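Okay, so here's the structure we're looking at.
All of these numbers come straight from a predicted model, not from anything done at the bench. What's counted below: heavy atoms across the whole structure, side chains too, no hydrogens, waters or symmetry copies.
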Amino acid sequence: MSRLTVGNIFKVAVALLFFPFMPLLVLMIGVRRSNWKVILEGGLYVALVLAAAAVAGYSALAVLSFFVILGVVAVSAMRSYMLRDLWLHPRGRVPQVMTQPAASGPQVQHPSTPGASNPSPPEDLPQALAWSAALARQNKNRIPTEAYVSILETCQTLDAVIDAETRQPLGDPQFEYELTAMVRDFLPSVLRNYVAIPPKMLETKQASGRTPNEELVEQLQLLAGQADTLYSGRHRRTSAELTTTGNFLRERFGHRQAGFDFGIK
């Protein structure tokens, strides 16, 4: 897909204008996409530049510091290009406008037919999850069986997490962010990108050496693993809270058990 859009041209122009700050661009890409590997990589580049600039005042190391900074900036520029998928979006990934529902009353927004532009999932987490499940069911005949089963299992796992969080919120912003990103961003994006591919190309190897079907299966496995992590983390905390309450009750009232016979002799 073409990346020649006004927004991308502006981003590239700003990056070239502030070319010496390329290490900071890599760090910002990682922060924007919540990619810890890219964040650490960008942080390393920034730290190297700052360290080289700090010792540049010493005449013996001035030339070496200059070449270190120049090299880090050049490497950062190459890495920014390699990470272009994270900040230079193709035309096909521009969010689509939501369509108006045909009937009144509470409804779940269903995805459009394959090949047409799919609207974005709803803001509400249960409806967003239902949106992804509906998109998978609508394209069941073209999705590999293994991938289709993985989608349904992932939706069931996330639905259990959402239900538990609705009944008893943990109040953890990081957990809420990861759950929201999974339901409203990661899972819908994978499905939308897949159904946008023409059926004739689903078994054609791409530049990565994998077919779109293979990519879908692998990405869904990663999402399933993250869903399981959220599920186990959510219920592990609930179990820990129950244990904490039990310890408190045993410490508070446990010593009285021997003193109560409830009138039974």
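There is a side-chain donor-acceptor pair under 3.5 Å between Asn213 and Tyr194. Under 3.5 Å, the side chains of Ser150 and Gln221 contain no donor-acceptor pair of N or O atoms.
Considering all non-hydrogen atoms of both residues, Gly43 and Leu27 come closest at N-CD1, 3.8 Å. Here the shortest heavy-atom pairing between Arg184 and Ala128 reads CG-CB, 3.9 Å. Of all heavy-atom pairs between Ala52 and Val68, the closest is CB-CG1, 3.9 Å. The minimum heavy-atom distance between Pro212 and Leu202, with the atom names listed, is CD-O, 3.3 Å. Nearest approach of Ser132 to Leu191, heavy atoms of both residues: O-CD1, 3.5 Å. The shortest heavy-atom contact between Leu129 and Cys155 is CD2-O, 3.3 Å.
Atom CZ of Phe19 sits in a crowded spot, with more than 12 heavy atoms from other residues, nucleotides or ligands closer than 6.0 Å. By the neighbour-count criterion of 12 heavy atoms within 6.0 Å, atom CD of Gln206 is densely surrounded, having more than that number from other residues, nucleotides or ligands.
At a threshold of 4.5 Å between side-chain heavy atoms, the hydrophobic network of Ile, Leu, Val, Met, Phe, Trp and Tyr places Val55 and Val72 in one connected group. The hydrophobic cluster containing Val26 also contains Met78, counting ILVMFWY residues as joined when their side-chain heavy atoms lie under 4.5 angstrom apart, directly or transitively. There is a path of hydrophobic side-chain contacts, each under 4.5 Å, that joins Ile69 to Leu16. Val149 and Leu152 are members of different hydrophobic clusters when ILVMFWY side chains are connected at heavy-atom separations under 4.5 Å. Linking Ile, Leu, Val, Met, Phe, Trp and Tyr residues whenever their side-chain heavy atoms come within less than 4.5 Å leaves Leu24 and Leu40 in two separate clusters.
The main-chain N or O of Leu135 is found under 3.5 Å from a side-chain atom of Asn139 such that the two form a donor-acceptor pair. In this structure, the side chain of Asn193 engages the main chain of Ser189 through a donor-acceptor pair within 3.5 Å. Judged by distance alone, with hydrogens and angles left aside, the side-chain atoms of Thr180 form no donor-acceptor pair with the main-chain N or O of Tyr177 at under 3.5 Å. Of the possible polar contacts, none joining the Thr211 side chain to the Glu203 backbone as a donor-acceptor pair under 3.5 Å is found.
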Derivation and outcome, side-chain contact (heavy atoms from CB on, under 4.5 Å), residues Ser76 and Val49: CA-CA 11 Å; Ser76 300; Val49 170; over 6 Å; no
Pair Glu218-Arg210, side-chain contact (heavy atoms from CB on, under 4.5 Å): steps then yes or no: CA-CA 10 Å; Glu218 180 180 356; Arg210 304 185 186 93; 3.0 Å; yes
Intermediate values then yes/no, side-chain contact (heavy atoms from CB on, under 4.5 Å), Phe175 and Val161: CA-CA 11 Å; Phe175 181 85; Val161 176; 3.7 Å; yes
Stepwise side-chain contact (heavy atoms from CB on, under 4.5 Å) check, Leu220 with Thr154: CA-CA 8 Å; Leu220 289 175; Thr154 300; 5.9 Å; no
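Inter-residue side-chain proximity for Asp163 and Arg167 is flagged as met; some heavy-atom pair is nearer than 4.5 Å. Looking at heavy atoms from C-beta onward, Pro23 lies in side-chain contact with Val73 at the 4.5 angstrom threshold. Pro121 is listed as a side-chain neighbour of Arg192, based on a closest heavy-atom distance under 4.5 Å.
With rounding to the nearest 0.5 Å, the separation of CG in Leu158 from CD in Gln226 is 9.0 Å. Between the CD atom of Glu176 and the CG atom of Leu179 there is a distance of 8.5 Å, given to the nearest 0.5 Å. Rounded to the nearest 0.5 angstrom, Leu230 CG and Glu165 CD are separated by 10.0 Å. Between atom CG of residue Leu223 and atom CE of residue Met182 there is a gap of 5.0 Å, rounded to the nearest 0.5 Å.
With Tyr148 as the aromatic partner, Arg137 does not meet the cation-pi criteria of under 6.0 angstrom to the ring centre and within 45 degrees of the ring axis.
For residues 39-56, the set of pairs meeting the side-chain hydrogen bond (donor to acceptor under 3.5 Å, both in side chains) definition, not counting sequence neighbours, comprises Glu41-Tyr45, Glu41-Arg79.
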